[in-house]
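Each chain gets a letter, A, B and so on, in the order its sequence line appears, and its residues count up from 1.
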Amino acid sequence: MNPPKYIFHGDSKNRPKQCHPDSPTELEPYIADSELIEAVNLAIFLQRPLLIEGESGCGKTRLAVAVAYELGLPFYRWDIRSTTKVQEGLYEYDAILRLHDVQTKDLTPSINPKTGQPRNPQEPKDYRELGSLGKAFKSHNYPAVLLIDEIDKADVDFPNDLLSILDKPWKFFIRETGETIEANQEQLPIIIITSNKEKGSLPSPFLRRCLYHYVRFPSQPEELEKIVKVHYQQKQKPETMAMPKSDLVTTAVAKFLKIREDKSLFKLPGTSEFLDWLAALHHFKSEPYPVTELQQDKTIPYRDLVFKLRQDWQNPNYAGS
Amino acid sequence: MSNVNPHPLLTRLFYRLRRDGFALGINEYLAALQAMEGGWGVQDANALKKLLRSLWCHSLAQQDHLEVIFRSISAEESQEDAKPREFQSESPESSSSPKNTPPVSPGEQVPSMVDSPTPVPELSLLPVKSSINVLEQTEDRDFQGYYPISRRYLVYSWRYLRRMVADGREDVLDVEGTIANVCEQGFFLKPKYSRREQNHADLLLLLDQEGSMTPFHRFTRDLVETAQHDSNIERVRVGYFHNVPPEYVYKDPYLTEKVKFEWILAESDGDTSVLIVSDGGAARGDRRSERFSATAEVLWHIKQHTKLIAWLNPVPSQRWQGSTAQFIAHLVPMYPLDPHGLNQAIAQIR
């Protein structure tokens with residue numbers, strides 16, 4: 001067996017010089033722990049989807065972007081809504097537009113945004129638009145990174161329908177154009193699925209196909225500080241986004257972890273809330289929030305950024321005087 | 001640990017986890033082998049555990065479970081020669097995670113369990129296997145459910161209760177109709193739309209509350225919530241009662257808001273599906289003629305309006321024998337509250 005060609009190291013410096021044009025261009029600050037990195041590599045090796053679960057705001061979605069960025073692979077994102085059908089991810093066909101174009105051919109033909117040319121009603125391919133899944137299948141020279149975001153929002157049938165696509169023979173048929181879109185068996189897409197577990201659970205045949213990883217909140221202050229460091233180091237504009245002073249970071253981290261230890265909270269704030277809060281502490285006023293005050297204060301400054309539920313916001317432990 | 005040959009351990013874990021309700025098939029086994037060929041999980045037992053945690057576990061609960069199994073199997077492995085199968089004989093019947101499974105039977109009915117033999121003293125300390133299994137162990141700690149039927153399964157099942165009528169919004173594009181119009185008129189004027197189909201099913205849920213039904217409150221609440229919010233049934237009415245629906249039923253589970261049962265029935269017709277959820281006296285196991293005759297009268301009243309009626313009984317069917325429920329089951333199709341029973345009940349009231 002050949003050694004795996006693509007290995008994710010969790011380090012954006014490994015990005016190759018030559019990248020696919022659909023690869024994310026913006027640097028993705030992301031810290032993955034070793035177990036998550038291993039899960040990603042295992043998913044790439046076994047060509048199985050990786051299901052990521054965890055609290056909201058822990059960076060589940062960002063992982064896929066980070067993988068695509070580091071490996072320089074094309075990235076396609078599919079946001080799931082409650083009405084999403086698997087078909088929409090494959091392709092959409094605009095029969096009525098074609099009919100319209102036939103009728104108005106001599107007047108105002110519609111323009112194909114991809115080519116900039118008028119659409120040709122005699123060419124059925126001008127009227128089909130590949131969805132994220134379709135594009136990922138079509139990427140033949142590179143495996144695409146496909147993010148299926150918040151799968152639990154979808155209708156109950158969705159995961160099972162998806163299963164029939166994400167399996168052999170890795171192809172689907174477009175009835176309207178007679179095309180068959182077939183994925184390259186050597187370069188199957190790397191699929192990352194996120195779930196919030198808002199409603200019920202996913203069906204077991206679906207889970208069986210997936211690898212599973214639960215993203216935990218970084219419970220050690222050092223981990224959180226590392227995230228802050230990476231986040232600020234990789235930002236593009238240093239003048240507006242200067243790194244907060246280390247004592248402010250340390251105090252904020254300690255305070256934040258203390259909040260998370262509180263069992264009476266209904267919704268624990270996640271990493272993204274922390275980064276917002278830290279930015280507010282540092283930048284919101286002309287002077288950063290005084291560290292000594294933050295250490296002593298019973299109240300939480302800018303708690304609107306930390307507590308997102310009324311019950312938590314009104315929690316007497318944190319409410320301002 | 002480094003001298004552990006991972007393959008027999010893998011096979012053993014596979015069978016053990018399957019027995020404990022993990023959804024694993026041959027493909028998952030082969031995937032593990034493939035990963036091991038690729039160099040994952042072969043260094044030592046710990047690496048194998050990490051591999052299986054990603055590959056075979058689909059929730060935190062399952063990951064914790066694997067941890068426990070792994071420890072016990074490794075321990076067994078090391079003392080295999082000395083005392084084979086000691087762990088096996090210790091708790092052959094205990095379910096996958098006994099300490100998480102609360103006993104289902106309400107405390108008050110314990111004395112009336114007739115067919116349980118006097119347990120041997122040392123067995124009495126072991127957790128008793130409950131009649132309700134922890135189904136899909138796929139849930140987060142915060143979302144754990146101990147129900148006989150998972151929420152997801154309920155949502156699925158409600159779909160079969162449908163009476164589709166195309167009278168919804170006129171927003172479904174009728175491609176064939178549009179083309180037919182173009183052919184007829186010779187040019188394209190506008191697309192043709194057809195009406196969206198809507199489910200006109202009418203469901204009346206009658207739920208027994210409190211008393212012996214108390215342990216099932218969480219579940220009946222799910223039943224109501226999924227029918228009302230996660231299904232496309234047009235009208236879902238819920239009536240709560242205690243033991244027997246008498247003259248009045250209640251609109252809320254706390255039995256405070258009274259409505260005349262007659263009024264509810266007056267709004268029902270032959271297309272109304274009635275689903276009763278009650279133990280019918282089977283939880284306590286007693287047989288009372290008053291209860292039976294009162295129930296029979298209510299059922300007679302309902303049958304004046306609709307023939308679509310079914311009864312779900314949360315108590316396992318073996319225990320209906322000899323209780324009031326056994327006799328009620330002659331009057332109305334009664335099904336145990338499990339996935340199969342729910343399907344049969346819904347097929348009955350369709």
Side-chain angles (χ1 to χ4, degrees), chain A residues 1-4 34-36 38-48 50-51 53-55 82 93-105 152 155-157 159-160 167-168 176 195-214 216 266-268, chain B residues 21-25 27-28 30-32 34-35 37-41 47 50-51 53-63 135-140 142-145 150-156 158-159 173-176 178-179 181-182 186-192 222 226 229-231:
Chain A
M1 184 161 283
N2 297 328
S34 62
E35 281 200 26
L36 180 56
E38 195 167 317
V40 170
N41 287 324
L42 197 55
I44 297 173
F45 176 73
L46 291 175
Q47 303 183 327
R48 285 183 174 229
L50 175 63
L51 176 68
E53 262 181 11
E55 290 172 39
S82 60
Y93 186 79
D94 201 341
I96 293 300
L97 179 65
R98 189 174 174 201
L99 198 54
H100 169 268
D101 282 0
V102 170
Q103 301 295 326
T104 61
K105 193 169 58 183
D152 40 358
D155 193 73
V156 271
D157 285 334
N160 289 330
D167 204 346
K168 279 171 197 155
E176 287 86 347
S195 157
N196 269 335
K197 276 266 165 94
E198 275 180 353
K199 254 192 205 172
S201 51
L202 295 161
S204 40
F206 178 81
L207 291 175
R208 219 165 69 182
R209 288 278 309 156
C210 297
L211 278 94
Y212 175 84
H213 189 86
Y214 189 92
R216 287 173 199 273
F266 288 88
K267 186 204 166 294
L268 291 178
Chain B
F22 279 49
L24 299 175
N27 268 332
E28 282 56 54
L30 291 177
Q34 194 192 343
E37 257 174 62
W40 271 277
K50 262 169 133 181
L51 164 72
R53 199 153 65 179
S54 297
L55 197 58
W56 287 356
C57 298
H58 297 114
S59 66
L60 284 182
Q62 284 192 333
Q63 292 187 347
L135 262 202
E136 304 180 8
Q137 287 190 331
T138 49
E139 291 172 36
D140 214 313
D142 306 337
F143 300 91
Q144 239 167 28
S150 69
R151 247 184 111 102
R152 183 181 176 83
Y153 197 88
L154 285 173
V155 177
Y156 258 129
W158 286 130
R159 294 198 164 179
L173 178 63
D174 180 357
V175 176
E176 275 176 25
T178 310
I179 292 168
N181 270 355
V182 173
F187 49 85
F188 173 67
L189 273 180
K190 59 175 186 185
K192 183 169 185 274
D222 263 12
T226 51
H229 305 299
D230 291 334
S231 77

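A/L42 touches chain B through backbone and side chain together, each having a heavy atom under 4.5 Å away. At a 4.5 Å heavy-atom cutoff, B/L154 makes no contact with chain A through either its backbone or its side chain. When heavy atoms are compared at a cutoff of 4.5 Å, B/L24 approaches chain A solely by way of its backbone atoms N, CA, C and O.
How far CG of A/D157 is from CZ of B/R159: 4.0 Å, rounded to the nearest 0.5 Å. Annotation: the span from B/D174 atom CG to A/I96 atom CD1 amounts to 9.0 Å, rounded to 0.5 Å. Atom OG1 of B/T178 is separated from atom NE2 of A/H100 by 13.5 Å, given to the nearest 0.5 angstrom. Rounding to the nearest 0.5 Å gives a distance of 9.0 Å between OG of B/S54 and CG of A/L36. In this structure, A/D167 CG and B/N27 CG are separated by 7.5 Å, a value rounded to the nearest 0.5 Å.
Take B/S231 and apply the side-chain hydrogen bond (donor to acceptor under 3.5 Å, both in side chains) test, not counting sequence neighbours, and it matches no residue. Residues passing the side-chain contact (heavy atoms from CB on, under 4.5 Å) test with A/A43 are A/L50, A/L211, sequence neighbours excluded.
The two atoms that bring B/Q63 and A/Y212 nearest to each other are NE2-CD2, 3.5 Å, heavy atoms only. Residues B/A23 and A/R208 share a closest heavy-atom pair of O-CG, 2.9 Å. Heavy atoms only, all atoms of each residue included: B/V175 and A/A95 are closest at CG1-CB, 4.4 Å.
Side chains of B/R53 and A/E38 form no contact here, defined as non-hydrogen atoms less than 4.5 Å apart. Between A/V102 and B/V182, the closest side-chain pair of non-hydrogen atoms is not below 4.5 Å.
Using a 4.0 Å cut-off between charged nitrogen and carboxylate oxygen, A/E35 and B/K50 do not count as a salt-bridge pair.
Looking at B/H58, its side chain does come within 3.5 Å of a backbone N or O of A/C210 through a donor-acceptor pair.
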